[in-house]
Amino acid sequence: MLRQLNPEQLAAVTLPQEHALILAGAGSGKTRVLTTRIAWLMATGQVSPGGILAVTFTNKAAKEMMTRLGAMLPVNVRGMWIGTFHGLCNRFLRAHYKLAALPQSFQILDTQDQLSAIKRLLKQLNIDDERFPPKQLQWYISGNKEEGLRPHNLTGRDEDTRKKIELYRLYDEQCQREGVVDFAELLLRSYELLRDNDPIREHYQRRFRHILIDEFQDTNTLQYAWIKMLAGKAEVDQGLPPGHAGSVLAVGDDDQSIYAFRGARVGNMADFVREFEVRQQIKLEQNYRSHGNILDSANALIEHNSRRLGKNLRTDQGPGEPVRVVEQASDFAEAQWMVDEIRQLVRDGVPRKEIAILYRSNAQSRVIETALFNAGMPYRVYGGLRFFERAEIKHALAYLRLLENRHDDTSFLRVVNFPPRGIGARSIEQLQDAARTHGCSLHDAVSSLSGKAGSNLTAFVARVDVLREQTAGLTLREIIEQVLEGSGLLEHYKADREGADRVENLEELVNAAESFVTQEGFGRDAVALPLDEHGLSQSPASQGLDPNAPLVDTPLPDVAPDTGETLSPLAAFLTHAALEAGDNQAQAGQDAVQLMTVHSAKGLEFDCVFIGGMEEGLFPHENSMTERDGLEEERRLMYVAITRARDRLYLSFSQTRLLHGQTRYNLRSRFFEELPEDALKWITPRQSGFGMGSRGTAPGRFGIEAGNFPSAAAPLPPQKAAPSHGLRAGMKVFHTKFGEGTVNLLEGNGDDARAQIDFPRHGVKWLALAVAKLTPVP
DNA sequence: GGGGAAGCCATTTTT
DNA sequence: TGGCTTCCCC
């Protein structure tokens, strides 16, 4: 188990039981250390499976950890407390739903649901949504929850803020009434329950001997507070004696902190060291992923950040290929160049799925997609709607949620008239009014309405009620099939000429449910099984690795989970759907070139990586400049991008780019000035420094000694024939943005034609004549 | 209630 | 420029 670890990894895995911080560089075997640590703790009898709490951010990371752990040890990993913050909090709240003041089968609002709940609230209160945009309110509410702040903790200095606080309060009341919780609420409610309930807190503090946190640099204020609570540190803050809690192993990389914009606090790392009096800090700097030139580039770049904890990656794999840098005339040419280069790589035997094209913002993918598509090159774009977020799936889920909880007004409104059944906005408004005056849910308000509107609504409610009765006692699969039929959803989409995909997705939903049920340890995430089965165990903690060993170390007579009927498979599945939105399935499985933003590339690695749009304003992004530490975060983002590459890294930028229907003339990114010259190879000639335009360097031939490396397509063949654009060196021209200038040089033909022009006020620029609007000045 | 026109916005994203 | 939401009319 320990044999193949390097000295730092070994030290991390075998740390004594005390708080520790692992600074794990990119590609340093972080997941391996985490899983081996857990396995080692259990194998040496220091802890039983139930004494471990391991937290990740994504389901993917949690699954990965469980898979690896399961491969190392014969334990029931599904029963262990390994999961995402949200998944674990959900499990905790299900176990103690009464104390948390929730219905047992509470449902979870995803971001979309939350927004529609807020819109509904505003409408009901007749609030001007121009003055209080729902999106902004959503951001306000979630932001405060993630800071651990309830409405009563907030004070408003101005009228608008006071109103927002009030709306926050009313929103929470609405959720409570309807028996739903949003994502942030899962965490906040868990945190508060731990904080306010001494037996519960002490129970879990005693239980979790080892708390391990992955991607610690991405934790927000509330997540850190939650960890402190479980680790018995929060009492110290409040002047109480420390709890008898376990030790915390935080694993993270401050250089890869790229989520400040959504509340992540890198500062938690330093706070952790201080507040937990961490003595053990281990740096994992040995990189097993990339070649030297790539790592040198990453190291040199990140050097430019201040306030780092300090870390330098090293590798044993020689320098490898240089990092190739390419300048193109337009985003179109850049994309075409990528395609040509990829063709060559594929010819040389690189699998397409080992080639990634990364970009700073999603808008950049379009040109690249077009070029790949025209070239007939299979590709896959990450991002976009995921399976459980698709409209037809959300409709089906809404019916299913109504079966579980008829007071779920969000779901009620989503499908009350879908498929269309003659219930218009007027009827719905009447119904909402009635619900408000009676202080009840929409479902319950239906019976108070009369007339035509009332009868249609009654029919709808009856339909759902009938479905509920019909499906009682059926298997999950049967329930869903029944609902797809009985709701009219399937029929509706089958009748739609363009509904074929949606029908297919609905059928896929049945499959998803089926595999959810048959999956070993079904529903563990949603059901409080570990506690039900073992939480009350009075038997002494067993040692070793008996797969059926109790999951709790100490006898726990004091805290019992709330009992009641077991959570239904349907409720469990609905929870699963909310917590795990599923893959974005587009073109999955194929051997395809991978397209994604730098953010979504975090944690992944590829043989060959292209980073496009390396331009000022794009990367670093212009909007980042107004943010505090914005540039440093952009630099970390670039660091993440670079360290995705194993063998080959390409950086490209373009003089011209079509953005929002406007041509932009960007300078190459300042990050080039921060990369080590000798690790780079400029495929197109290196022009003078950042922001200096290209004075002095002749644009000559791009003769590249290619070695066995595929040569870049020569982007701009020199112009010999008479140019069609009618420009000549020395001519004066006028440009709408840069004003008057003098033509220095001309090259290229047709669409590729470009000119180097000296603008007295803006410096020397290369402009693509197909794009730039130039008028000759007499 | 559906469809077309007009308006709005445009880093980054997981749960 | 283009994708998405909202609004208005039939």
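Sequence lines set the chain letters: A, B, ... in the order given, protein chains first and strands last, and positions in each chain run from 1. Computed from a predicted structure; not experimentally measured.
The cationic group of A/Arg94 does not satisfy the cation-pi geometry with A/Phe92, failing either the under 6.0 Å distance to the six-membered ring centre or the 45° limit from the ring axis.
In this structure, the CG atom of A/Leu637 is 12 Å from the C1' atom of B/dT13, given to the nearest Å. Atom NE2 of A/His492 is separated from atom C1' of B/dG1 by 12 Å (rounded to the nearest Å). Between the CZ atom of A/Phe418 and the P atom of B/dG1 there is a distance of 12 Å, rounded to whole Å. One atom, CD of A/Gln107, and another, C1' of B/dT15, lie 15 Å apart when rounded to the nearest Å. Across the protein-nucleic acid pair, A/Leu186 atom CG and B/dT14 atom P stand 17 Å apart, rounded to whole Å. One can place NZ of A/Lys145 at 14 Å from C1' of B/dT15, the figure rounded to the nearest angstrom. If you take CZ of A/Arg386 and P of B/dT15, they are 6 Å apart, rounded to a whole angstrom. In this structure, the CZ atom of A/Phe183 is 8 Å from the P atom of B/dT15, given to the nearest Å.
The closest side-chain donor-acceptor pair between A/Ser652 and A/Glu334 falls under 3.5 angstrom. A donor-acceptor contact under 3.5 angstrom links the side chains of A/Gln364 and A/Ser361, judged on distance only. Defined by atom type and a distance below 3.5 Å, a donor-acceptor pair is missing between the side-chain atoms of A/Asn305 and A/Arg308. When only modelled atom types and interatomic distance are considered, A/Asp253 and A/Gln217 share no side-chain donor-acceptor pair under 3.5 Å. Counted by atom type alone, A/Tyr379 and A/Glu369 present one or more donor-acceptor pairs between their side chains at under 3.5 Å.
At the heavy-atom level, A/Phe85 lies nowhere under 4.0 Å from the strands shown. Residue contacts shown for A/Phe57 are limited to sugar-phosphate atoms, with no base heavy atom under 4.0 Å away. Nucleic acid contact for A/Glu634: base, since at least one base atom lies under 4.0 Å from a heavy atom of the residue. Within the 4.0 angstrom heavy-atom criterion, no nucleotide atom of any strand lies near A/Glu146. Heavy atoms of A/Asp218 sit nowhere under 4.0 angstrom from any nucleic acid atom. Using a 4.0 Å heavy-atom criterion, one finds that A/Asp110 contacts no nucleic acid atom at all.
Side-chain N/O atoms of A/Asn362 include none lying less than 4.0 angstrom from OP1 or OP2 on B/dT11. Regarding contacts with the backbone of B/dT12, every side-chain N or O of A/Ser600 stays at 4.0 angstrom or more from both OP1 and OP2. Using a 4.0 Å cut-off, some side-chain N or O of A/Asn59 falls inside it from OP1 or OP2 of B/dT15. Between A/Arg421 and B/dG1, a side-chain N or O to OP1/OP2 separation shorter than 4.0 Å is absent.
Taking atom P in both B/dT12 and C/dT5, one finds a spacing of 16 Å when rounded to whole Å.
Considering only residues two or more places apart in sequence or on other chains, A/Glu605 meets the side-chain contact (heavy atoms from CB on, under 4.5 Å) condition with A/Arg289, A/Arg646.
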Check nucleotides 7-9 of chain B for protein N or O atoms closer than 3.5 Å to its own N or O atoms and list the pairs.
none

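Nearest to the side-chain atoms of A/Thr58 among the listed nucleotides B/dT11, B/dT13, B/dT14 stands B/dT14. With B/dT14, B/dT11, B/dT15 as the candidates, the nucleotide lying closest to the side chain of A/Arg262 is B/dT14.
In this pair, A/Phe261 lays its aromatic ring flat on the base of B/dT12, centres within 5.5 Å and planes under 30 degrees apart. By the stacking rule of 5.5 Å between ring centres and under 30° between planes, A/His599 does not stack on the base of B/dT12.
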Quiz prompt | Annotated protein contacts, base or backbone, on nucleotides 1-10 of chain C with a non-hydrogen cut-off under 4.0 Å, one of B, S, - each | solution = BSS--S----
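For A/Glu146 and A/Arg262, the salt-bridge test fails: no basic side-chain N is under 4.0 Å from an acidic carboxylate O.
Listed for the A/Asp182 side chain is no donor-acceptor partner under 3.5 Å among the backbone atoms of A/Gln114. Using modelled atom types, no side-chain atom of A/Arg636 and backbone atom of A/Gln256 make a donor-acceptor pair closer than 3.5 Å.
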Self-check item: Worked verdict on A/Val180 versus A/Ile108 for side-chain contact (heavy atoms from CB on, under 4.5 Å)
Solution: CA-CA 6 Å; A/Val180 296; A/Ile108 298 164; over 6 Å; no
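Mapped onto DNA chain B by nearest heavy atom, A/Glu633 and A/Arg426 fall at different nucleotides, with A/Arg426 at the one closer to the 5' end.
Looking at A/Thr111, its side chain comes within 3.5 Å of the base of B/dT15 through a donor and an acceptor atom.
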